Amino acid sequence: MVSSVELPIDSFHRIRLEDGLRELGAADLSLGSEEIRSLFDSSSNPVPLSPEQAKIMHTQTEGWPS
């Protein structure tokens, strides 16, 4: 397995054609409002989020935890 921000252009095309490349984008890495709510509903968090609060947080952060 290889992980990289940049890959040599010739290797990139070859690996992609061999169906050996998995690209992750912003949509794959950001959290949805239900995932945000689940994160805050953990037993270590004393204040769980309502569904509406989770939607607001998702809108404000675009799903990116900080």
Side-chain angles (χ1 to χ4, degrees):
M1 181 165 103
V2 175
S3 176
S4 176
V5 174
E6 293 185 27
L7 195 62
I9 196 74
D10 58 334
S11 297
F12 179 76
H13 292 304
R14 181 181 49 79
I15 294 170
R16 178 182 265 162
L17 288 171
E18 294 172 356
D19 202 25
L21 182 66
R22 168 118 175 138
E23 296 178 76
L24 300 175
D28 300 308
L29 300 174
S30 64
L31 302 175
S33 60
E34 283 303 312
E35 292 170 310
I36 291 171
R37 189 167 179 223
S38 294
L39 182 66
F40 277 83
D41 283 346
S42 68
S43 60
S44 62
N45 184 26
V47 184
L49 295 178
S50 70
E52 182 62 29
Q53 289 170 319
K55 287 179 185 177
I56 291 169
M57 185 173 285
H58 181 264
T59 300
Q60 291 176 345
T61 65
E62 298 179 349
W64 291 98
S66 58

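Just so it is clear, the structure is predicted and the values come from calculations on it, not from any experiment.
Atom CD1 of Ile36 sits about 8.5 Å away from atom OG of Ser30, to the nearest 0.5 Å. In this structure, CD on Glu34 lies 11.0 Å from NE2 on His58, to the nearest 0.5 angstrom. Rounding to the nearest 0.5 Å gives a distance of 14.5 Å between NZ of Lys55 and CD of Gln60. The distance from atom CD1 of Ile56 to atom CG of Leu49, rounded to the nearest 0.5 Å, is 10.0 Å.
Residues that satisfy the side-chain hydrogen bond (donor to acceptor under 3.5 Å, both in side chains) test with Thr59, not counting sequence neighbours, are absent from this structure.
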Evaluate the side chain to side chain contact (heavy atoms under 4.5 Å, CB included) criterion for residues Gln53 and Phe40: first the C-alpha distance (whole Å), next the side-chain angles of each, then the deciding distance (0.1 Å), finally the verdict.
CA-CA 11 Å; Gln53 289 170 319; Phe40 277 83; over 6 Å; no
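Taking each heavy atom of Ser33 and Ala54 in turn, the nearest pair found is O-CB, 3.4 Å.
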